[in-house]
Student: 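Encoded as structure tokens, here's the structure I'll be asking about.
Every chain is numbered from 1 and lettered A, B, ... according to where its sequence line falls, protein lines coming before strand lines.
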Amino acid sequence: MAKRTKIKDILKGGFEGQEVTVKGWVKTFRNNQFIALNDGSSMSNLQIVVDFENEDPSKLKRITTSAAISIEGTVIASQGKGQAFEVTAKTIEILGDSDPEKYPLQPKKHSLEFLREIAHLRFRTNTFNAVFKIRHHLAIAIHQFFHEKGFVYMHSPIITGSDAEGAGEMFKVTTLPFDKTPRTEGGEVDFKKDFFGKATNLTVSGQLEAELAALAFSEVYTFGPTFRAENSNTSRHLAEFWMIEPEVAFADIHDNMDLAEALLKYTISHVVENCPEELAFLEQRLSDEEKQKPQHERSDMTLRDKLNFCVNNEFQRLTYTEAIEILKNSNPNKKGKFQYPINEWGADLQSEHERYLVEKHFNKPVILTNYPKEIKAFYMRMDDDNKTVAAMDILFPGIGEIVGGSQREERLDKLMARMDEMHIPHHELEWFLDTRRFGTCPHAGFGLGFERLVLFVTGMTNIRDVIPFPRYPGSAEF
RNA sequence: GCUUCCAUAGCUCAGCCGGUUAGAGCAUCUGACUGUUAAUCAGAGGGUCCUAGGUUCAAGUCCUAGUGGGAGCGCCA
């Protein structure tokens, strides 16, 4: 095949006067003369100038929106105003036709809901080009951050034999036939006959496995798909999502907060530096959206303002107890504006409370720590007061909880006592308890929801629009 | 799972108090134009008004149920 020059490189300059071959998909074909060509290397299109008077009219008719074409031609300084360079076509080859009567995308704004229904084609839009480029850069930045710090990237299993991870409903993994499942004498499903010889599920968290590795490598992280079979119907939950879970030995909750804050700032500023074109586009998109909203709901910060603000300011750290005091004395609580009024210590915080703290009271990312033990998981380290645990949640404006983590309970007796209180059978987790038997040490970690980070950085509002093929209740298309 | 809003052309939407043959912009097709920038201009085609019941002389419009979608809530990352 003829060597292809990427459109991104041509637009950068330095090709003037050269013969090139470019390939891509037609965005628009104007005036029977100008092709806007895109190959995905850049959000910007390359203008191809066609000598229509000397070109086969039947071929010109096949240059339709989203047709794949190959052009040989010369790079010249553009005679038009919209771009610095363009290519005058010498030969045009149609690689793949696109029937304009049937192709659903037009050169105009489409609703995100419509594009979600044609997720296989939405990659060809500017918005999703930008979103998935940023998603890529965030993933790379995460690996880079941990690699530079000497963390070991650990692959935790996707199929798990443990049903005690405690992070929600799980998807069953089985090869047993549904119509005639083998039964034990007691009438229960006999999982001894199943593929793994036991009941298995898709993982809801790689944390417990990451802890095992952390107590050997000191610093590890996982980054992989995670599954929750919850019937969650919101703009920030998915049934299949990607999660980053670092786990660090010889670290306490403060080290944990420092790590999470540094990770978020590093990845966000990586995107600010490396994706200026994509951010500029999404910023414009967002401000157009905001113009549709009533005045009081509009944000006075642009997307890049928000990102820079987040990078340049300390996250607000406070304890659950302090947060309850603020909420108790807040105007909306006094005026009865909260759907769930805050009366006493111990109440679980609702999203209206989190939003008040983050978006109204502090107006910046907030790290909440030391929650009551009753509303947190069994593995979190008990504080000296025996009432709270060393948990930490990071709350972001517009997103809510983006990180959930804790210092882990490293003391065997205390850990087992908590398991008993929460009715978690020890035999399921003997392997986990072994880490507390053989060289236990203080350690901490957290889970970062990757799509929630992508949501924040792109300024998108529905999590289904920041993962290529979203899975949620009632939907597993493509 | 709960609350609430929505469903009319390929897309985005209008359609008044229930009353004639359901409209617009964009897209598509035909023609014109030929340095355009979501090109422009002229014309044409395009409808199971989500589905099923019901009320009524008459339903896109009102009622009930279902389906699908959005937003909010819960579960959480």
Side-chain angles (χ1 to χ4, degrees), chain A residues 27-36 44-53 60-61 64-66 76 78-83 86 88 98-118 125-126 165-169 204-207 223 225-245 260 292-293 297 338-340 348-355 375-377 393-396 399-405 446-456 461-467 472-475 477:
Chain A
K27 276 281 169 96
T28 61
F29 185 30
R30 286 185 294 269
N31 216 8
N32 211 23
Q33 192 176 7
F34 303 101
I35 303 169
S44 306
N45 303 319
L46 176 66
Q47 173 151 292
I48 309 293
V49 185
V50 179
D51 181 10
F52 64 95
E53 280 165 327
L60 292 177
K61 288 205 66 152
T64 58
T65 305
S66 231
I76 60 164
S78 179
Q79 296 176 36
K81 284 197 180 115
Q83 56 284 313
E86 62 192 21
T88 50
S98 175
D99 184 347
E101 302 243 28
K102 292 182 181 147
Y103 184 68
L105 294 173
Q106 307 163 30
K108 74 162 207 177
K109 197 168 149 48
H110 288 287
S111 68
L112 293 171
E113 292 80 15
F114 172 65
L115 292 172
R116 213 172 287 149
E117 288 170 19
I118 51 166
T125 64
N126 290 333
E165 287 165 13
E169 288 297 309
V204 292
S205 164
Q207 179 199 317
F223 185 177
T226 312
F227 307 87
R228 304 273 166 93
E230 302 285 348
N231 190 11
S232 299
N233 293 288
T234 79
S235 54
R236 53 185 194 285
H237 288 86
L238 290 166
E240 177 184 282
F241 64 101
W242 289 65
M243 187 153 64
I244 297 98
E245 294 179 285
Q292 311 293 319
K293 290 187 192 165
E297 285 177 28
F338 284 143
Q339 199 187 333
Y340 298 88
D348 207 349
L349 299 184
Q350 308 294 321
S351 38
E352 59 180 346
H353 308 132
E354 296 180 350
R355 270 211 312 278
I375 57 174
K376 287 292 177 184
D393 286 0
I394 303 185
L395 311 175
F396 261 39
I399 312 287
E401 186 176 346
I402 195 167
V403 163
F446 60 86
L448 165 63
F450 185 54
E451 282 76 16
R452 290 189 180 173
L453 177 60
V454 183
L455 261 188
F456 179 73
T461 49
N462 193 313
I463 202 163
R464 296 167 187 180
D465 295 327
V466 298
I467 189 167
Y472 49 94
S475 183
E477 293 301 306

Student: Do any side-chain nitrogens or oxygens of Asn231(A) fall under 4.0 Å of OP1 or OP2 in rG1(B)?
Tutor: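 Result: yes.
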Student: Ring stacking, Phe450(A) with base of rA77(B), under 5.5 Å and under 30°?
Tutor: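 So no, this residue does not stack on that base, at least one cut-off failing.
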Student: Can you list the stems that include RNA chain B, where a stem is three or more consecutive Watson-Crick or G-U pairs with distances under 3.5 Å?
Tutor: B:1-7 with B:67-73, B:10-13 with B:23-26, B:28-32 with B:40-44, B:50-54 with B:62-66
Student: Does OP1 or OP2 of rC76(B) have a side-chain N or O of Ser232(A) closer than 4.0 Å?
Tutor: no
Student: Between rC73(B) and Arg355(A), is there an OP1 or OP2 to side-chain N/O distance shorter than 4.0 Å?
Tutor: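 Result: yes.
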Student: What is the distance from CG of Leu349(A) to P of rC75(B), rounded to the nearest Å?
Tutor: 10 Å
Student: Mind calculating the distance between CG (Leu46(A)) and P (rU36(B)) to the nearest angstrom?
Tutor: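 In whole Å, rU36(B) P and Leu46(A) CG are 18 Å from each other.
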Student: In terms of side-chain heavy atoms of Asn31(A), which of rG74(B), rA77(B), rU34(B) is nearest?
Tutor: rU34(B)
Student: Give a yes/no answer on whether the side chain of Arg236(A) brings an N or O atom under 4.0 Å of OP1 or OP2 in rC73(B).
Tutor: yes
Student: Without hydrogens or angle criteria, can the side chains of Tyr103(A) and Ser66(A) be said to hold a donor-acceptor pair below 3.5 Å?
Tutor: yes
Student: Does Ser351(A) make a side-chain N or O approach to OP1 or OP2 of rG74(B) shorter than 4.0 Å?
Tutor: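 Answer yes for this pair, as a side-chain N or O of Ser351(A) is under 4.0 Å from OP1 or OP2.
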Student: Could you check if the base of rC73(B) is syn or anti? Syn means the glycosidic torsion is within 90 degrees of 0.
Tutor: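 Anti, angle beyond 90° from zero.
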Student: Closer than 4.0 Å, any side-chain N/O of Thr28(A) to the OP1 or OP2 of rA38(B)?
Tutor: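 Checking rA38(B) against Thr28(A), no side-chain N or O comes under 4.0 Å of OP1 or OP2.
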Student: For rU36(B) and Arg30(A) - does any side-chain N or O of the residue sit under 4.0 Å from the phosphate oxygens OP1/OP2?
Tutor: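 It does not, given that no N or O in the side chain of Arg30(A) lies less than 4.0 Å from OP1 or OP2 of rU36(B).
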Student: Would you say the side chain of Gln47(A) and the base of rU36(B) hold a donor-acceptor pair, judged only by whether the two atoms sit under 3.5 Å apart?
Tutor: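 In this structure, the two groups form a donor-acceptor pair.
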Student: Does a nitrogen or oxygen in the side chain of Lys61(A) sit under 4.0 Å from OP1 or OP2 of rU30(B)?
Tutor: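 The answer is yes; a side-chain N or O of Lys61(A) sits under 4.0 Å from OP1 or OP2.
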